[in-house]
Amino acid sequence: QVQLAESGGGLVQAGGSLRLSCATSGRTFALPNMGWFRQAPGNEREFVAAITWNGRTTYYADAMQGRFTISRDNAKNTMYLQLNSLKPEDTAVYYCAAAGFGRNLRSRDEYDYWGQGTQVTVSS
């Protein structure tokens, strides 16, 4: 079992920043690759960013490239998502997820465990 817990969401004005955290516990060595997804009301859960087990490779959705930064600290069993230059359309529940090796990390179907999500609301 792997447990994931997001934190750091909140209300921010357009142009502002937030830093999301995803604390992991359990058999994390079995699911080393991780990602962030988001879901706005009425929309499907969409890919935001992903990072491989050693942090050397990262992936971003085109709309987030340059504004969001994914990172991880394996010593703290924590993954991060820095959100900069936020826009009202970034408003969503943000989820972290864990996947094994050899997965397509852009696809939500490839992830085995999910956190409960943290709400990010960007006001105009």
Side-chain angles (χ1 to χ4, degrees):
Q1 288 285 343
V2 175
Q3 293 80 42
L4 308 172
E6 303 94 337
S7 61
L11 174 64
V12 64
Q13 290 187 332
S17 298
L18 284 173
R19 189 192 196 200
L20 307 184
S21 298
C22 175
T24 68
S25 60
R27 297 171 61 85
T28 56
F29 61 88
L31 294 167
N33 295 317
M34 300 191 70
W36 287 96
F37 287 75
R38 70 183 186 184
Q39 188 168 18
N43 291 351
E44 293 187 350
R45 191 169 299 189
E46 65 174 347
F47 171 73
V48 175
I51 189 167
T52 55
W53 68 275
N54 58 7
R56 292 179 182 174
T57 303
T58 57
Y59 306 90
Y60 294 93
D62 290 344
M64 294 74 170
Q65 184 78 46
R67 297 192 300 125
F68 295 178
T69 303
I70 190 171
S71 62
R72 65 191 296 167
D73 185 340
N74 289 340
K76 296 182 178 179
N77 292 323
T78 302
M79 176 179 66
Y80 305 97
L81 185 67
Q82 179 68 39
L83 311 175
N84 295 329
S85 302
L86 283 163
K87 306 174 182 179
E89 51 264 43
D90 293 318
T91 295
V93 177
Y94 284 70
Y95 298 90
C96 65
F101 288 108
R103 305 287 183 88
N104 174 7
L105 297 181
R106 295 178 180 271
S107 171
R108 63 179 184 266
D109 295 333
E110 298 286 301
Y111 289 81
D112 299 284
Y113 288 92
W114 294 82
Q116 294 299 308
T118 185
Q119 176 71 48
V120 171
T121 303
V122 184
S123 63
S124 57

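Every heavy atom of this structure was used, including side-chain atoms; hydrogens, water molecules and symmetry mates were not.
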Is there a path from Phe37 to Leu81 through hydrophobic residues (I, L, V, M, F, W, Y) whose side chains come within less than 4.5 Å of each other? no
* **Worked check of side-chain contact (heavy atoms from CB on, under 4.5 Å) between Tyr111 and Arg103** => CA-CA 8 Å; Tyr111 289 81; Arg103 305 287 183 88; over 6 Å; no
Shared hydrophobic cluster, Leu83 / Val12 (ILVMFWY, side-chain heavy atoms < 4.5 Å) = yes
Nearest heavy-atom contact between Ala50 and Leu105 is CB-CB, 3.7 Å
Value for CG (Leu20) from CZ (Phe68), rounded to nearest 0.5 Å, stands at 8.5 Å
Rounded to the nearest 0.5 angstrom, the OG-CD distance for Ser124 and Gln13 is 9.5 Å
- Message: Is there a side-chain contact (heavy atoms from CB on, under 4.5 Å) between Phe101 and Thr52? Walk through the geometry before answering.
- Response: CA-CA 9 Å; Phe101 288 108; Thr52 55; over 6 Å; no
Heavy-atom nearest pair, Pro32 first then Gly100, reads CD-CA, 4.0 Å
Between Leu4 and Val2, the two heavy atoms sitting closest are CD2-CG1, 3.9 Å
To the nearest 0.5 Å, atom NZ of Lys76 lies from atom OG1 of Thr24 at 13.0 Å
Exercise. Take atom CH2 in Trp53; do more than 12 heavy atoms of anything else shown fall under 6.0 Å from it?
Worked result: no
The ring-ring contact (aromatic ring centres under 6.0 Å, His included) partners of Tyr94 (sequence neighbours excluded) come to none
Item to complete: Using modelled atom types only, decide if a donor and an acceptor are shared between the side chain of Arg108 and the backbone of Arg45 within a distance under 3.5 Å.
Response: yes
Donor-acceptor under 3.5 Å (Tyr95 side chain, Gly35 main chain):
no
Can you list the steps and then say if Asn84 with Ser17 is a side chain to side chain donor-acceptor pair (under 3.5 Å)? CA-CA 4 Å; Asn84 295 329; Ser17 298; 2.9 Å; yes
Distance col, row Cys96:SG vs Ile51:CD1, nearest 0.5 angstrom, shows 12.5 Å
Between Thr78 and Ser21, the two heavy atoms sitting closest are CG2-CB, 4.2 Å
One should read off an interatomic distance between Trp114 CH2 and Glu6 CD, to the nearest 0.5 angstrom, of 9.5 Å
Practice prompt. Give the C-alpha distance, both sets of side-chain angles, the deciding distance and a yes or no for side-chain contact (heavy atoms from CB on, under 4.5 Å) between Ile70 and Met79.
Written response: CA-CA 7 Å; Ile70 190 171; Met79 176 179 66; 3.9 Å; yes
Note to self: Whether the side chain of Asp112 engages the backbone of Ala99 through a donor-acceptor N/O pair (distance < 3.5 Å, no angle test) should be reported.
What the structure shows: no
From the list Thr91, Thr118, Asp90, side chain to side chain contact (heavy atoms under 4.5 Å, CB included) partner of Arg38 resolves to Asp90
>> In the structure I gave you, are the side-chain heavy atoms of Trp36 and Met64 within less than 4.5 Å of one another anywhere?
In response: no
Within the side chain of Arg106, is there an N or O that forms a donor-acceptor pair under 3.5 Å with the backbone of Tyr60?
yes
Just checking Tyr59 against Phe47, ring centres under 6.0 Å apart? no
